[in-house]
2 protein chains.
Amino acid sequence: MLGPTPSTRRGTIAPTMTTNTPVPIVVAEGDGIGPEITRATLHMLEAAGASLAPEFIDIGEKVYLRGHSAGIESGSWEKLRRTKVFLKGPITTPQGGGYKSLNVTVRKMLGLYANVRPCVSYHPYVDSLQKNVDLVIVRENEEDLYAGIEHRQSDEVYQCLKLISRPGCERICRYAFEYARVNGRKKVTCMTKDNIMKITDGLFHQVFDQVATEYPNIAADHMIIDIGAARIATRPADFDVVVTLNLYGDIISDIAAEVTGSVGLGGSANVGDQCAMFEAVHGSAPDIAGKGVANPSGMLLGAIAMLVHVGQAQVATRLHNAWLETIEEGIHTADIYSEKVSTKRVGTEEFTEAVIERLGQSPQKLTPVNYVGGALLTLNTTVAATIPAKKDRVGVDVFVHWLGVPDTLGTELGALNGDGLELTMISNRGVKVWPDGIPETRCTDHWRCRFETLVPGKPVTVMQILSLILRLGNAGFDPVKTEHLFFFDGKPGFSLGQGQ
Amino acid sequence: MLGPTPSTRRGTIAPTMTTNTPVPIVVAEGDGIGPEITRATLHMLEAAGASLAPEFIDIGEKVYLRGHSAGIESGSWEKLRRTKVFLKGPITTPQGGGYKSLNVTVRKMLGLYANVRPCVSYHPYVDSLQKNVDLVIVRENEEDLYAGIEHRQSDEVYQCLKLISRPGCERICRYAFEYARVNGRKKVTCMTKDNIMKITDGLFHQVFDQVATEYPNIAADHMIIDIGAARIATRPADFDVVVTLNLYGDIISDIAAEVTGSVGLGGSANVGDQCAMFEAVHGSAPDIAGKGVANPSGMLLGAIAMLVHVGQAQVATRLHNAWLETIEEGIHTADIYSEKVSTKRVGTEEFTEAVIERLGQSPQKLTPVNYVGGALLTLNTTVAATIPAKKDRVGVDVFVHWLGVPDTLGTELGALNGDGLELTMISNRGVKVWPDGIPETRCTDHWRCRFETLVPGKPVTVMQILSLILRLGNAGFDPVKTEHLFFFDGKPGFSLGQGQ
């Protein structure tokens, strides 16, 4: 399909940066409109002179339904690991339990820690609520609630773990600043909810501030995610590069895409130290699948980022400018068609041919791109080696599944004090209910019981904790989870209970 | 201040629904602009004829700095519990560690499970990105990541627990539908991220669907939060009542306020079965404190909801309509002043007097309110009794702090198999890394090691788990947390690892 010799059928810019050996990549067409937009994209890549050797894999619905809970077959990993480049169509995850997100799995398995999502308004050629937007969201891609570690622990209570690591925070913050530096951007804004999650989001904010000091020429600021998301909605032109945690990044990416009217036009890169995955930001749109009306632009812009990534920046520039010219001329698929500005309503194939016919042209009003010598996506984000802290175990939060009132629990558990551990607090859904709780606090059947060492500065052993839990079990309690309490270099590594 | 006899100095509608006995409430002025907007609000309440007996408490910065980590003194709880009604000014939480959110503490201690935030555009009198908006966000207020249970567990990894309960989900979903029913609203939209968090957010969605079936006359739909937030930003007029989890509700409330241009005009109610708290949605704005320019409207609208709550709906109606008339006449504080539509730029005091002068009047263009006989906030949300499931302990996720490569860990831990428990999977940040991991997966020093019973259907005991952890400890491993694995009525209550 994409042959060894760069095509020069149309246009004149020879892709001099490409090698003669086609670059192997893995392509998955995906579900819904995936096959048609993937084929359209490959067609445009070929016409522009990209030198690629695609290998195809199956992903998505049919793979899930064959019984692979991650939507990808084990044999596909070898191809992904060998080529290290993945152009991925949108997929449909079947309804029903047990299926894991393919995107999350691929990102984490391949160490694709950075999701890079440019968000641009093409006003007045595409109807936008917000004009003059040109921001890039750098979303942490491996951590946060997306670890997908969930447990039902009692009749009433279900839990999901939010996990944040210091190297993960440093790597993504460093990526955001390096991206800003390499691409000549002026400001990086960090968004967290560290007024509530002081330890996890607090870490992200703190690491951001540290990394920022190494980039004195790039402005750095921080916003609480609720205000930040609202400002992305109302004043996106105020932002340049935004770096944030996985879940928040998911939400603000969609807001930014919607307010610029570019959901169908967004491409995204998922980048690691070794591998990278490129895709459209939109979904598989099964309602319009097979009708030949889908807009291939999102996938194309993902593929253009891929071209830059594999060293074919001139082809990328040529193709992106032809696409901008097509948009500017008003040749629009149904999703962005507007009587006010569009000149022609086209289907997938006609749009594809229109872009190909414009290879070698550049837009007159929209800003042309030039990737040559810039816009690399694999950036140097070496993080500081972890320095082991002096870690002292000072107690344990034991969670029990139990029905009753707090004071009864306090009394019964207090009777199990001993061997260096003493009950200091019981909370329910985080609120301290013993000692000195109030009856208005509504309690579930899931109680966090904090036992701490009697002597400050005197650590306890795992054995002391096991023996405590054994006493609880023998007294008829049902321990469902434990969180050990540690001091790191003399400072507590755990939060207080609300009201404590 | 607010005396026993309803004031009739201005206007003529006697507050016939009020009793002659003033209703005791607790008032806290808070920080920053808090004192000036609280006084302005109380002045308007008095002038409108509210029959209230306020008792004052201190909250916020000065209380934090006196050493109360929740920003409230223990003596204040008695007043709150006795009066059950709290009108709260905005507060400033001091920088630095150890402080817990006052709002979260009050909400949870008093069981204020529902945050009710109406969001209205006052176009064209207040500059709005979005017109014709009249939606209400019903935010779950006690659960989610706001439990504030955080633990640092290794040199690299920090954790926050997201806790969701079935009764909590049912109560808030029921509240949303009851609110819709009582207030004549047509649709309730649920927002979750259940494509990723299938167990926790999945529960919320599932309970929503169940409750919806009891309200056949109210439309019900569900959106993934990323798209949902984007649609609140771009098409808020499409929404009526929105119900969602705590964190998502926080984010979309701010988006809705920003796109309607009403951050300074938003009031919010926090409602439980027994108590309720009313406040402005904005913060303490220390930069303009003491200058006499702050807009008291947010606090006033919170107080108007409070009047309805305490049975003074006629006073509430009268005061709200006078406020609408003031806005419509273009008498605006600096935050909403616009040369296009405003007629007079006023300070806090002048705005307050303008509202008072208009008591008895109603807006001509904006829709007047009428609370009489409706808009109650305490709603019947009795939830189904929890039916205990048959619960079988089938294994444990032991998390260890360890440095090395997955296969070594797999081999060393596998050697500790026995006594009915066998290592079946190791994951790092949720991704399966043993067996059959790939080297590209980036690992932290925090490993989730899943041990399960050898014989399907044969439960294990707490003792078996403790003895496993003892073997781990004796072999030199550092167990930092455990999550017991349960089947509930024969179905697994835990998720698979990514790639498993």
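Given the structure is predicted, the values throughout are model-derived calculations rather than measurements. Numbers restart at 1 for each chain; the letters A, B, ... are given by sequence-line order, proteins then strands.
- Annotation: maximal heavy-atom pairing with chain B below 4.5 Å, among Asp436(A), Leu472(A), Asp273(A), occurs at Asp273(A).
- Chain B forms more heavy-atom pairs under 4.5 Å with one residue of Cys275(A), Ala256(A), Gly473(A), Ala389(A) than with any other, namely Ala389(A).
- When His68(B), His484(B), Glu483(B) are compared by the number of non-hydrogen pairs under 4.5 Å with chain A, Glu483(B) comes out ahead.
- Ionic pairing of Glu142(A) and Arg107(A) is not present here: no N-O contact between side-chain nitrogen and carboxylate oxygen is shorter than 4.0 angstrom.
- The parts of Thr234(B) that come within reach of chain A are both its backbone and its side chain, each placing non-hydrogen atoms under 4.5 angstrom from that chain.
- With chain A as the partner, the residue from Arg393(B), Met197(B), Gln274(B) showing the most heavy-atom pairs under 4.5 Å is Met197(B).
- A salt bridge links Asp250(B) with Lys193(A): the distance from a Lys NZ or Arg NE/NH1/NH2 to an Asp or Glu carboxylate oxygen falls below 4.0 Å.
- Interface remark: of the candidates Gln130(A), His446(A), Glu258(A), Gln153(A), Glu258(A) forms the most heavy-atom pairs closer than 4.5 Å to chain B.
- For Asp201(A) and Lys162(A), the salt-bridge test passes: some basic side-chain N is under 4.0 Å from an acidic carboxylate O.
- Only the side chain of Val462(B) comes within less than 4.5 Å of a heavy atom in chain A; its backbone stays farther off.
- Atoms CG and CD1, on Leu161(A) and Ile164(A) in that order, are 11.5 Å from each other to the nearest 0.5 Å.
- Ion pairing between Lys390(A) and Asp155(B) fails under the 4.0 Å rule for side-chain N and carboxylate O.
- Considering only heavy-atom pairs separated by less than 4.5 Å from chain B, the leading option among Leu110(A), Val157(A), Ile438(A) is Ile438(A).
- When each of Ala233(A), Ser74(A), Ala257(A), Pro479(A) is scored by its heavy-atom pairs under 4.5 Å with chain B, the top score falls to Pro479(A).
- Neither the backbone nor the side chain of Ile465(B) has a heavy atom closer than 4.5 Å to any heavy atom of chain A.
- With rounding to the nearest 0.5 Å, the separation of OG in Ser427(A) from CZ in Phe399(A) is 6.5 Å.
- Among the candidates Thr444(A), Ile387(A), Ile469(A), Asn195(A), the residue making the largest number of heavy-atom pairs closer than 4.5 Å to chain B is Ile469(A).
- A salt bridge is absent between Arg231(B) and Asp254(A); no separation between the charged side-chain nitrogens and carboxylate oxygens falls under 4.0 Å.
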